[in-house]
Number of protein chains: 2
Amino acid sequence: MIRISKQADYGILILGHFAKEAGETILSARELAERTRVAPPMTSKVLKNLARGGLLESVRGMRGGYRLTRHPEDITIGEIIVVMDGPIAVTECAPDEPAVSDCAQEPWCPVRGSWQRLNDAIREALNRVTLAEMTCPVADPVGSFAGHEDQADV
Amino acid sequence: MIRISKQADYGILILGHFAKEAGETILSARELAERTRVAPPMTSKVLKNLARGGLLESVRGMRGGYRLTRHPEDITIGEIIVVMDGPIAVTECAPDEPAVSDCAQEPWCPVRGSWQRLNDAIREALNRVTLAEMTCPVADPVGSFAGHEDQADV
DNA sequence: GAATATCGGACTAAAGTGGTCCTCTATCTT
DNA sequence: AAGATAGAGGACCACTTTAGTCCGATATTC
């Protein structure tokens, strides 16, 4: 199954709660754990990662917590996933990557060079959606999504 | 890291070899293992899955093997990934899915309902690229990919 | 200086994945 | 008819990744 990690999932969820607050609001790990219903240790872990990734700013000490470093409209889902899960690359076999040097396929690989465009396509899809849009249930940045079309696999 | 499984990777690679051949060519597991440099048992496993998924047709018995059921132009990468890895869903929390019923977030989740559009975006990106395009190094269905631009993460 | 938060990292357990192997069935060749 | 070849199907194991927890240290406020 192609999917993002649960940590990235939590990350988006948590940032979503920040997005709902006024700009500079500080929220603590404890408070966010309650709001999100994610276990406190896990919430802390995710917050730490988000802070390290520069998406949140931490305020230490009593009455401390975290706050957004940017406006929700300027944070993309792709960015959050990168911070939590690392670079978005659908496969290891991509040009410029070290792995390619010991790729047994190299000269015969019929799809060599095409992974890049696939990765780009996914990255673009993920970067087209902002945190602000995620928290706003009516906005529709991607395409037609009018309520109730069926979702076939694929 | 967000990525597809190695099996899906192999699947695309193997189908790529079929795509290079004339339409009805039959290739055996042994032969494909040699061409792709993927270990024979693994090659077999992938081929079986591709056949079960309807992308390949098997010919049993001596001088048997597999052949494409469709033209490479009509097979999308998204389809291959679905066959190998299951449905493309970036998160478990999506409407219409059973998991949503016991989602502790439900009423408070700030991003509820927005996952769908994200999944759709990725599915579309993956379905826009066909097997034929993957094997043809010059075609460019997605966007600018002129040889050598650097790839920043994201 | 006591209480409250984050920081950083170690650690465990569970799940998923990659990969192999074995038995059975179908088909072709001789 | 018999033997050889090739796929079907599934069990199985090892390894990696991930989820999740916990602890000691540091910073800040009251």
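Letters A, B, ... are given to chains in the order of the sequence lines, protein chains preceding strands, and every chain is numbered from 1.
Looking only at side-chain heavy atoms (C-beta outward), A:L50 and A:M84 come within less than 4.5 Å of each other.
One interatomic measurement links the two molecules: CE of A:M84 to C1' of D:dG20, which rounds to 13 Å at whole-angstrom precision. Look at CE on A:M42: it is 18 Å from P on D:dC23, rounded to the nearest Å. Here the C1' atom of nucleotide C:dT17 and the CZ atom of A:R3 are 12 Å apart, to the nearest Å. Between the C1' atom of D:dT18 and the NZ atom of A:K6 lies a distance of 10 Å, rounded to the nearest Å. In this structure, the CG atom of A:D85 is 7 Å from the P atom of D:dT18, given to the nearest Å.
Between the side chain of B:T43 and the backbone N or O of B:A29, no donor-acceptor pair lies under 3.5 Å. Side chain of A:R37 to main chain of A:R35: a donor-acceptor pair is present (N/O by atom type, distance under 3.5 Å, no hydrogens or angles).
Following chains of ILVMFWY side-chain contacts shorter than 4.5 Å, one can reach A:L27 starting from A:V83, so the two form part of one hydrophobic cluster.
Applying the side-chain contact (heavy atoms from CB on, under 4.5 Å) test between B:D85 and each of B:I80, B:N49, B:I4, B:D9 identifies B:I4 as the sole match.
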> Reading nucleotides 4-15 of chain D from the 5' end, what letters show protein touch, with B for base, S for backbone sugar-phosphate only, - for no heavy atom under 4.0 Å?
Replying inline: -BSBSBB-----
Listing, residues 62-69 of chain A side-chain donor-acceptor contacts under 3.5 Å, not counting sequence neighbours, or none:
from  : atom 1 : to    : atom 2 : distance (Å)
A:R67 : NE     : A:E57 : OE1    : 3.1
A:T69 : OG1    : A:G54 : O      : 2.9
A:T69 : OG1    : A:L55 : O      : 3.1

